[in-house]
Amino acid sequence: MNADSYVAIAFWILAIGMVLAAYAVVALPRIIHSALALVLFFFQIAGLYVLLRAEFIAAVQVIIYVGAVTVLFLFAIMLTNRSYAPDSNPANRQWIAAGVVSLGLLGTLLATLGRQTWPTGGQVPANATVLLGQLMLGPFILPFEIAAILLLVAMVGAIVIARES
Amino acid sequence: MAPAQVDFVPLIPTIVVTVTALAVLLLGLWLRGEQGIWLAAVSIAGLVAALVFLLGLAGPAVSERRAAFDGMIVADNLSTFFGAVALVIAILTILLSEHVLLIERFSQGEYYALVLLTTVGMLVLTAATDLIVLILGLEILSISLYVLTGFARGRLGSEEAALKYFLLGAFALGFLVYGSALVYGATGTTTFGQIANVLRAPGASSPLLLIGLGLLLVGFGFKLSFVPFHMWTPDVYEGAPSAVTGFMAVGTKAAVFGSLLRILTEAFPALRAEWAAVLWLLAILTMILGNFAAIAQRNVKRMLAYSSIAQAGYIVLAVIAADPLGRAGVMFYVLAYTFMNLGAFAVVVAVADRGDVGTTLDHYVGLARRSPILALAMGVFMLSLAGVPPTAGFMAKLFVFTAAVRAGYVDLAIIGVLTSAVATFYYLRVIVAMYMSAPAEEPAPAPALRVPGPLLALLVIALVATFGLGIFPAVTGDLVGGTLALAK
């Protein structure tokens, strides 16, 4: 077995695990279990990034999604009264229509993307994280600055919503 | 690693508005209650300064194109026009909101700051020539609007509307980001000009690219509330504070249509047949459903929501045409819609009164006696939205229908004219209620409505513009690009 086949094995383990975790998020009856399944899902995405040799993105994925986002979810859920009720993650009656649309989208994506030749970037440089930082403050300085305004808007908005009137 | 080609000149208006927003946010800590008028004054001063810079930047040669930051953002005819419209919309919105903030006891600093930041989003969006910058601009615009929608704290309708808008808006953003990622995957670039370059090569079109473009169109469809992506519109328009609804209706239309026009003509001219086919179907659905659903509405804000869906359907006709006449059509329609729709919402704000309660058709019964000026203004705006000459709405419709026919879309123009006839019904119903219906039972005659000064100023500006654009459409000639020669 060479390195590529180990990568392939790891990919399929992660891929199947991700689909199962994503299904658990939707299907588990208790909302708190859904949130925990989401943690599992986010971890496996980080695994995919590692396979793609994007270690920095993987670390960011763990810190932001696993660390911040889901902890926020769990706090919000635990602050509600019925966080452990057996019907706290209900499905509505449109699940058949939603399923048909989702399967249609999945079929379209599988049928087309499988035949697509993907442009790849070649070898990942060893100092990718350094290059990423230089890109953000070099060619991509404008989106970087605009994102700062976006964060400001989000902060002002959060304060307006959260403040007692 | 080459640094970006740094050129802040095209960004000056955006920076001016951002700084004004921060200043207003700070000043809001000290200026409260009646003193809030100074916040409005500072905001308007900042917006006017930005407008001066924007038009000064365009200078004598509006059509000259100035790209900056490696082609991520430009100052050109399109960005100048839609940027100027965005700034005018923000100024009018501040006139519209001034007394509402007092009677509703909204915190004024945050309100004005969010209106200004929404405007920053619009300016970035209309000047963006890069998918990343486009998404960031759209998000600044959207997040500010989510918060403004929920600004009436404690009013259930407003909070529900904000949540709905946020959830569906975030969903729409997902489509935009996924579409952008696929377009990047297929072309290896996010800049419009380079995407177009890649697509110019024969055989460059791929399924990946088409799916990416399709998802982008879905995202834009959500933001512009095309049918079948319009579900959120009536609830959000009804629940948001009326002044915010007016701002949202004209502001997002101006900025997002500007951006849609740019991305389709600058990044995807090679795929014109594909996106025109999609927009063709969306236009038909939007015109028909928007107009017929509006007939059933008794709430004026809901009626105006469906009306805005229908109007978006007409603007799409000019987008599909995509030639210079079509471009000019989009611009003129957006400008006309800005004045007639913000004018109509000014009347809605005045009639709705405290807590936004009086928004059903019944509250308009006998308005002609309670406030002749409001009734007259509303009548003009309704006729303009219906497309009756000599108002701006008529010229705008003439423009887009001509553009559609010239581009070979006679079918779309016919559907447009027929649905406009249907639309006349629900617009005229408001006029009938105001002038010809007697209140069923009225113990005492309703008190006369007082129209606050800023609102009156807004009404006068909107009325003058509605008639001005209808009678002398050529006044916009320079900005619209000199393509106004309809009778050629």
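Convention: sequence-line order gives letters A, B, ...; per-chain numbering from 1. These figures come from a predicted structure and were not determined experimentally.
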- Item | Residues, nucleotides or ligands: over 12 heavy atoms within 6.0 Å of B:Leu29 CG |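 Yes, the 6.0 Å shell around CG holds more than 12 heavy atoms from other groups.
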- Counting only heavy atoms not in B:Phe166, do more than 12 fall under 6.0 Å of its CZ?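 Open: at most 12 neighbouring heavy atoms sit under 6.0 Å from CZ of B:Phe166.
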- Message: Assess, by modelled atom type and distance only, whether the side chains of B:Ser97 and B:Tyr111 contain a donor and an acceptor separated by less than 3.5 Å.
- Response: yes
- B:Ser158 and B:Arg153: side-chain donor and acceptor closer than 3.5 Å?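 Checked: B:Ser158/B:Arg153 side chains show no N/O donor-acceptor pair below 3.5 Å.
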What part of [X] lies closer than 4.5 angstrom to a heavy atom of chain A: side chain, backbone, both or neither?
| X | answer |
| --- | --- |
| B:Thr18 | side chain |
| B:Ile140 | both |
| B:Leu148 | neither |
| B:Leu11 | side chain |
| B:Leu210 | neither |
| B:Ile211 | side chain |

- Message: Can you tell me which of A:Leu109, A:Thr112, A:Ile146, A:Leu142 forms the most heavy-atom pairs within a distance under 4.5 Å of chain B?
- Response: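 With the most close heavy-atom pairs to chain B, the winner is A:Leu142.
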- Considering only heavy atoms and a distance below 4.5 Å, find which of A:Leu151, A:Val160, A:Thr108, A:Ile141 pairs most often with chain B.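 Sorted descending by pairs with chain B, the first entry is A:Val160.
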- Message: Between B:Phe229 and B:Phe171, does the ring-ring contact (aromatic ring centres under 6.0 Å, His included) criterion hold? Intermediate values first, please.
- Response: CA-CA 11 Å; B:Phe229 313 115; B:Phe171 196 54; over 10 Å; no
- Please report the C-alpha distance between B:Glu160 and B:Arg155 in whole Å, then the side-chain angles of each, then the deciding distance to 0.1 Å, and finally whether the salt bridge (Lys or Arg N to Asp or Glu O under 4.0 Å) criterion is met. CA-CA 9 Å; B:Glu160 183 193 337; B:Arg155 202 191 296 159; over 6 Å; no
- Query: Side chain, backbone, both or neither: which part of A:Leu152 has an atom under 4.5 Å from a heavy atom of chain B?
  - Reply: side chain
- Item | Residues that B:Phe106 engages under ring pair (Phe, Tyr, Trp, His ring centres under 6.0 Å), provided they are two or more places apart |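 Result, ring pair (Phe, Tyr, Trp, His ring centres under 6.0 Å) vs B:Phe106: B:Phe151.
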